[in-house]
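Working notes, structure below.
No hydrogens, no waters, no symmetry mates; every other heavy atom, side chains included, goes into these values. Protein chains get the first letters and strands the later ones, always in sequence-line order, with residue 1 at the start of each.
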Number of protein chains: 2
Amino acid sequence: MRRIAESTVRRLSLYLSFLEEFETQGTDTVSSEALALRGRTTSAQVRKDLSHFGSFGKRGLGYGVPQLAERLRSILGLDRRYRMVVIGAGKLGSALVQHRGFSERWFDVVAIFDNDPAKIGRALDGITILDVGRLEEYLGQTPADIGVIVTPADPAQSVADLLVATKVRAILNFAPAQLSVPHDVALRNVNLSLELEALAFTLADY
Amino acid sequence: MRRIAESTVRRLSLYLSFLEEFETQGTDTVSSEALALRGRTTSAQVRKDLSHFGSFGKRGLGYGVPQLAERLRSILGLDRRYRMVVIGAGKLGSALVQHRGFSERWFDVVAIFDNDPAKIGRALDGITILDVGRLEEYLGQTPADIGVIVTPADPAQSVADLLVATKVRAILNFAPAQLSVPHDVALRNVNLSLELEALAFTLADY
DNA sequence: GTTTGTGAAACGATTCACAGCT
DNA sequence: AGCTGTGAATCGTTTCACAAAC
């Protein structure tokens with residue numbers, strides 16, 4: 001199907017979370033206007049976002065809450081579970097593994113790797129930390145869908161190469177490095193310094 | 001000055017980090033093409049980004065590395081230090097405080113707050129965790145520039161309100177909540193579930 | 001009467017291409 | 001000759017506005 005904008009996908013995820021709120025409140029129908037209000041956007045935006053995937057509403061009435069939620073889960077690929085490996089068991093890596101909302105719902109952390117002998121063999125959230133030297137061997141036997149890189153910048157590219165070689169198809173990168181991956185591997189970067197610098201820019205208001 | 005796109009600011013931050021690399025390598029001049037190559041963009045993009053703020057290059061030659069770095073620091077507001085308060089001393093909050101690249105360079109964590117009596121009074125990276133009930137009092141006496149919200153979703157809005165009331169002008173929100181803040185307060189959201197769901201979408205390739 | 005779904009219009013960002021300096 | 005700075009062209013996203021469905 002035709003390419004869907006990044007921004008659209010983010011909004012769809014938000015709509016799903018709003019629908020799940022509405023669902024627990026027992027609301028059974030929402031209008032695009034109601035969803036828009038909840039997400040600080042416009043009803044036209046909501047309708048356009050959904051229209052890329054089909055017609056899920058009833059004119060004059062709105063959308064069935066559980067039905068639309070189900071559709072969005074299907075669209076977002078959240079009708080299955082994903083196997084994640086985390087590389088880097090430092091402070092941030094450990095926090096992510098233990099963070100609810102990360103290793104829950106549709107995403108399972110199946111393995112954690114580090115290169116620090118002091119960490120290898122310890123457990124994090126019930127998962128034993130393995131030697132990163134065994135990453136290739138491990139993923140060769142039990143493939144994963146998503147790799148999460150939480151190493152320093154320096155080894156990040158070689159970790160990414162390793163992940164790509166072992167058929168990981170999506171990478172979430174927390175290392176402050178510009179990773180190079182094949183075009184068929186999805187890559188998302190979370191760069192904390194960049195977020196702060198963007199805030200500094202608006203504070204400075206050049 | 002006229003509004004600068006989000007994406008432009010992000011690239012400027014990246015250019016700065018590349019320039020600092022070039023600087024340590026002793027390179028004294030770069031072309032827009034060289035910067036573009038390093039950042040996986042185009043030379044026209046680099047020049048357009050910079051052109052919003054002035055003309056910093058020499059035709060036929062390129063840009064002076066230290067000079068352009070200095071300009072970018074000034075543009076991004078990185079010619080001063082920023083005082084940050086972190087609200088939430090859970091796993092993620094603690095990891096952020098101790099994360100290099102977060103509390104370094106131009107950003108200082110000056111205080112950490114939590115509502116858990118077991119955490120209050122303990123120190124994190126040399127900073128004593130304070131009772132969030134004293135946040136208003138604290139910020140009234142010693143204002144901060146940036147508030148970092150690392151609480152669960154539920155209390156996030158009331159924490160944001162408190163920060164806004166005490167003249168914090170920028171908020172970095174890690175809680176999975178749609179915060180409402182006045183238009184003159186800068187808000188950036190980092191939502192880990194959303195990042196994973198965006199990856200799931202590309203894996204599913206609806 | 002209400003609200004969806006969608007072409008058309010408006011807006012914004014990126015890329016092109018070249019005149020103007022060095 | 002080489003590279004910047006920038007108007008013009010292109011491309012993509014958001015908003016508008018209304019016909020169609022209920």
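OP1 or OP2 of C:dT15 sits under 4.0 Å from a side-chain N or O of B:Thr42. For C:dT3, the OP1/OP2 oxygens have no side-chain nitrogen or oxygen of A:Ser32 closer than 4.0 Å. Side-chain N/O atoms of A:Arg3 include none lying less than 4.0 angstrom from OP1 or OP2 on D:dC11. Contact between the side-chain N/O atoms of A:Gln45 and the OP1/OP2 oxygens of D:dT13 is not found at any separation under 4.0 Å.
Distance A:Tyr63 OH to D:dA21 P: 16 Å, rounded to the nearest Å. Remark: C1' of C:dT14 and NE2 of B:His52 are 10 Å apart, rounded to the nearest angstrom. The separation between B:Arg40 atom CZ and C:dT14 atom P is 18 Å, rounded to whole Å.
When the ring pair (Phe, Tyr, Trp, His ring centres under 6.0 Å) test is applied to A:Tyr63, no partner is found at least two apart in sequence or on another chain.
Contact check of residues 65-77 of chain A against DNA chain D (heavy atom, cut-off under 4.0 Å) returns no residues at all.
For A:Ser7, counting side-chain heavy atoms from C-beta on, the closest listed nucleotide (D:dT13, C:dT4, C:dA13) is D:dT13. Looking at the side chain of B:Lys48, the nearest of the listed nucleotides C:dA8, C:dT4, D:dT6 is D:dT6. In the set D:dT14, D:dA17, C:dC16, the nucleotide with an atom closest to the side chain of A:Arg11 is D:dT14. For A:Ser51, whose side chain is taken as the heavy atoms from C-beta onward, the closest listed nucleotide among D:dA8, D:dT4, C:dT6 is C:dT6.
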> Given the rule in the side-chain hydrogen bond (donor to acceptor under 3.5 Å, both in side chains) test, do A:Asp108 and A:Tyr82 qualify, once you have shown the distances and angles that lead to the verdict?
Replying inline: CA-CA 6 Å; A:Asp108 299 304; A:Tyr82 293 88; over 6 Å; no
For nucleotides 18-21 of chain C, print each protein N/O atom paired with a nucleotide N/O atom at under 3.5 Å, atom names and distance only.
from, atom 1, to, atom 2, distance (Å)
C:dG20, N3, B:Arg59, NH1, 3.1

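Judged by distance alone, the side chains of B:Gln157 and B:Asp161 do bring a donor and an acceptor atom under 3.5 Å apart.
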